[in-house]
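Report on the structure given below.
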Amino acid sequence: MTAITLLSTEILWRSALYGSIAFAIIGFARLMYLLFIYYDYVSPLRDLPGPKDHHIFLGQLLNQFRAGDPEQPYTDWMQKWPDAPLIRYRETGFAAEGLLINNAAAYRDVMQSQSCYAYERSAPFRRLIGDIIGVGLVFAEGTEHRAQRKALGGLFTVSNIKAYLPILQDKADRLVAEWDRAVTDEKDDGNVEIKQLYAKITLNVISIFALGIDFGNLDSRTAFQSCYEAMFDLSTSGMLLAAINLVVPIRWLPVQANRVFMDASTELRGILTGVTEARILSVASDNEKPILPPTASPTKDLLTYMVETKYRATNPADRWSKEELIEQLLNFMATGHETTAGALTFATHELGLHPEVVAKMRKEALTLPESPSFSDIDRLPYLDAVIRECLRYQTPVAGIPRVAQHDVFVAGRRVPKGTTLMPVPAVLHRNKTLWGDDATTFNPDRWLKDPLIGGATDGDSCAWVAFGHGPRACIGRALASLNVKVVLLSLVKQFEWESVHKGKLPVVNPSGQLRPSGEVWLKVKRVGEETK
Ligand code: HEM
Ligand SMILES: *[C@@H]1O[C@H](CO)[C@@H](O)[C@H](O)[C@H]1NC(C)=O
């Protein structure tokens, strides 16, 4: 080797070394800047009010972890800074800023069609629930999201959902039979645990809707149910992992709580893969007259519909792969059952604390014909009021954070790219300016005065946002509403019940959803009978 090449190798090595040192120094300086300087001294939002009790690294995460429920820090701030449209807090990670949406107009600014695509789901949120609910519609963004909503929207319209009434009624009848059994059975003595029952019913319903398969009875546990329980009902170490996973991805760590979680997630995907592959074959096997598997859906189920219109789309640009179908199914299986089960659990529990409301519901229910039609059920004002009030009082979806993809305007304020906007329905639902002094009281009657906004004074459609608002609002609202209505109607007609736990149910925290922790028990009797 000549001296010249030796020298040039030497120079190369040296410059690489100095380069990386410089790079490390700049990186470190930037980190220090983000951690210690940007948030307090540079951010254009630093004049906004907000809590200062954050951890430099973990932001508000520790406080969230210590809080009683997923909404609590936010509702505390709302009370502390009632007049601020936006409340600034420190997110987890490097100097990330979060803004709590604290009034109805600001909520609309973020959610409405003109602006909703300026935001995307945040990475921590994706990590918190992406493994559980798949990366279908809930995580699609921009034009992709618009295309998916357009492709699937038809299945979710009220006119399509109406056809599910007999199925929902059948499930409700099975629930009634289950309660009946508990009332008659010496051993049960009228004690009923509702969380399990509702998880089963809503999983049954969503399986029929999404897969065209009825997994059957309330007395059998399905693999689906065990998987979701493993992922939602976390052990303490499981919670800790979920929390850390918000800051740094650690689902790969080989520890027990991770294994339980990942096994369940793998099993779920496995089941859905099997169902999807079989359906692809059965749809393809006879092009002229497709022989569908025995389907319980009154209309075309989501999977068959997706195979026909998307998997086998004539235009390649419209096609979805098998994997994409599976992610969509995961998405709908999770979003479709967990929220509705939560809504039913909270509602039934709350009604067990308010026998006078149940009596009023029963009176209204008894005005219905023997087998009521969809419109009979849909136009019952008090039933509607009770359900809206239940969803206001305890809102199953606690809040899905959005991250601004470019500078945006919210409540007249310029908000820089990268800021997290946090919509927490409870913050609007407990706002006394909107709902009056009894905002934190359960009072279905408020909706009778004004069925659309529950007496919220400024006539603002974003006062009640249990199903969100704008192009990303809940696609499953019609199905969920009908499901909840049919179940509650059947129950109030035949039973009276008392909640064992007095007051609001304790919930899982941290969590993207309001999910009751542990079992939820009622003491049940038939209408007019004495409690045993
Ligand atoms: C009482 C029950 C339910 C409640 C309270 C509820 C609530 C919500 C809320 C608040 C959102 C908007 C999230 C956001 O701000 O981005 C949402 C979105 C969604 N919901 Fe529901 N939901 C319920 C039932 C259902 C059902 C039964 C299904 C499926 C059949 C479903 C499927 C979805 C999907 C796929 C999205 C994402 C929509 C999108 O990003 O375009 N939900 N839900
Ligand atoms: C409640 O909402 C109103 C109207 O959106 C807003 O002006 C007010 O600041 C909010 N907060 C409280 C605590 O009233």
Side-chain angles (χ1 to χ4, degrees), residues 75 77-87 100-108 110-111 116-117 119-121 125 133-134 136-141 144-146 148-150 152-153 155-156 161 164 198 202 205-210 302 328 330-347 387-388 390-392 394-402 411 421-425 427-436 439 456-460 462-485 512-514:
T75 47
W77 304 339
M78 176 262 266
Q79 275 158 16
K80 207 157 167 197
W81 295 282
D83 300 324
L86 297 167
I87 294 172
L100 171 65
I101 299 174
N102 197 32
N103 77 24
Y107 186 93
R108 199 178 32 235
V110 174
M111 301 297 172
C116 80
Y117 292 119
Y119 305 89
E120 291 187 0
R121 309 301 201 201
F125 179 73
I133 74 166
L137 184 62
V138 173
F139 287 110
E141 306 289 356
E144 179 57 35
H145 175 263
R146 207 175 290 140
Q148 289 188 15
R149 282 289 289 227
K150 199 160 158 238
L152 303 177
L155 288 182
F156 294 86
I161 294 304
Y164 284 82
Y198 285 147
T202 53
V205 169
I206 196 65
S207 311
I208 295 171
F209 181 84
L302 179 71
Q328 292 290 0
L330 260 169
N331 219 187
F332 283 102
M333 291 297 294
T335 53
H337 94 273
E338 179 59 19
T339 42
T340 314
L344 278 166
T345 308
F346 287 123
I387 291 171
R388 282 171 192 270
C390 287
L391 289 171
R392 184 190 74 84
Q394 300 241 272
T395 311
V397 175
I400 299 184
R402 341 293 245 215
L421 272 294
M422 190 63 193
V424 180
V427 163
L428 298 173
H429 292 171
R430 294 180 206 163
N431 176 318
K432 294 196 169 148
T433 313
L434 294 169
W435 298 94
T457 48
D458 71 352
D460 202 315
C462 283
W464 186 77
V465 291
F467 290 102
H469 178 80
R472 295 215 80 131
C474 182
I475 198 174
R477 179 171 175 177
L479 179 61
S481 300
L482 187 59
N483 198 356
V484 173
K485 283 185 177 182
Q513 283 189 21
L514 217 57

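When a ligand or atom number is given, it counts from 1 through the structure's own listing order.
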Looking at [atom], what's its closest protein heavy atom, distance included?
atom	result
atom 5 (C) of ligand 1	Ala466 O, 3.6 Å
atom 12 (C) of ligand 1	Arg472 O, 3.5 Å
atom 15 (O) of ligand 1	Arg402 NH1, 2.9 Å
atom 41 (O) of ligand 1	His145 NE2, 2.5 Å
atom 38 (C) of ligand 1	Arg149 NH1, 3.4 Å
atom 37 (C) of ligand 1	Val138 CG2, 3.6 Å
atom 1 (C) of ligand 1	Ala343 CB, 3.7 Å
atom 13 (C) of ligand 1	Ile400 CD1, 3.4 Å

Could you pull out the closest heavy-atom pair between [X] and [Y], with the gap in Å?
X	Y	answer
Thr335	Thr339	O-OG1, 2.5 Å
Val138	Asn331	N-OD1, 2.9 Å
Ala104	Ala463	CB-N, 4.4 Å

[Y] and [X], any side-chain heavy atoms less than 4.5 Å apart:
X	Y	value
Pro396	Gln513	no
Phe209	Ile161	yes
Pro471	Arg146	no
Leu514	Thr395	no
Thr202	Ile206	no

Inset, instruction - Check Gln328 against ligand 1 and report side chain, backbone, both or neither, counting heavy atoms closer than 4.0 Å. - result: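 For Gln328, there is no contact with ligand 1 at all, from either part.
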Inset, instruction - Specify side chain, backbone, both or neither for Phe209, according to which of its non-hydrogen atoms lie closer than 4.0 Å to ligand 1. - result: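 Within the 4.0 Å criterion, Phe209 makes no contact with ligand 1.
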Inset, instruction - Could you list which atoms of ligand 2 come closer than 4.0 Å to a heavy atom of Asn102? - result: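 Answer for ligand 2: 10 (C).
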Inset, instruction - For Ala104, take its heavy atoms, then give the atoms of ligand 2 lying under 4.0 Å from any of them. - result: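 Listed by number with element, the hits are 5 (O).
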Tell me if a side-chain donor or acceptor on [X] pairs with a main-chain N or O of [Y] at a distance below 3.5 Å.
X	Y	result
Gln328	Leu137	yes
Trp464	Pro425	no
Asn102	Trp81	yes
His429	Val465	yes

Report yes if [X] has an N/O atom closer than 3.5 Å to an N/O atom of ligand 2; otherwise report no.
X	value
Asn431	yes
Pro82	yes
Thr433	yes

Inset, instruction - Please round to the nearest 0.5 Å and tell me the distance separating atom CG of Leu479 and atom CZ of Phe332. - result: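 Spacing of CG (Leu479) from CZ (Phe332) equals 11.0 Å.
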Legend entry - Within reach of ligand 2, part of Leu428 (heavy-atom separation under 4.0 Å):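 Neither; nothing of Leu428 gets under 4.0 Å from ligand 2.
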Legend entry - N/O separation below 3.5 Å, Arg121 to ligand 1: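 Yes; at least one N/O pair falls below 3.5 Å.
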Inset, instruction - Examine Thr340 against ligand 1 and note whether any of their N/O atoms are separated by less than 3.5 Å. - result: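 Between Thr340 and ligand 1, no N or O pair is found under 3.5 Å apart.
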Inset, instruction - For Ile206, take its heavy atoms, then give the atoms of ligand 1 lying under 4.0 Å from any of them. - result: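 Ligand 1 atoms under the 4.0 Å threshold to Ile206: 30 (C).
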Inset, instruction - Give the numbers and elements of all ligand 1 atoms closer than 4.0 Å to a heavy atom of Phe156. - result: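 Those qualifying, in numeric order: 30 (C).
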Legend entry - Non-hydrogen atom of Phe139 closer than 4.0 Å to ligand 1: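 In this structure, Phe139 fails to qualify as a contact of ligand 1 - no heavy atom is under 4.0 Å.
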Legend entry - Set of residues satisfying ring pair (Phe, Tyr, Trp, His ring centres under 6.0 Å) with respect to His145, sequence neighbours excluded: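 If we apply the ring pair (Phe, Tyr, Trp, His ring centres under 6.0 Å) test to His145, skipping adjacent residues, the hits are Tyr117.
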Legend entry - Test salt bridge (Lys or Arg N to Asp or Glu O under 4.0 Å) applied to Arg392 - qualifying residues, sequence neighbours left out: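 Counting only residues at least two positions away or on another chain, Arg392 forms a salt bridge (Lys or Arg N to Asp or Glu O under 4.0 Å) with Glu389.
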Legend entry - salt bridge (Lys or Arg N to Asp or Glu O under 4.0 Å) against Glu141, all qualifying residues, sequence neighbours excluded: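 Checked Glu141 against salt bridge (Lys or Arg N to Asp or Glu O under 4.0 Å); matches are Arg472.
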Inset, instruction - Take atom 21 (Fe) of ligand 1 and tell me which protein N, O or S atoms are nearer than 2.8 Å. - result: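 Protein N/O/S atoms under 2.8 Å of atom 21 (Fe) of ligand 1: Cys474 SG.
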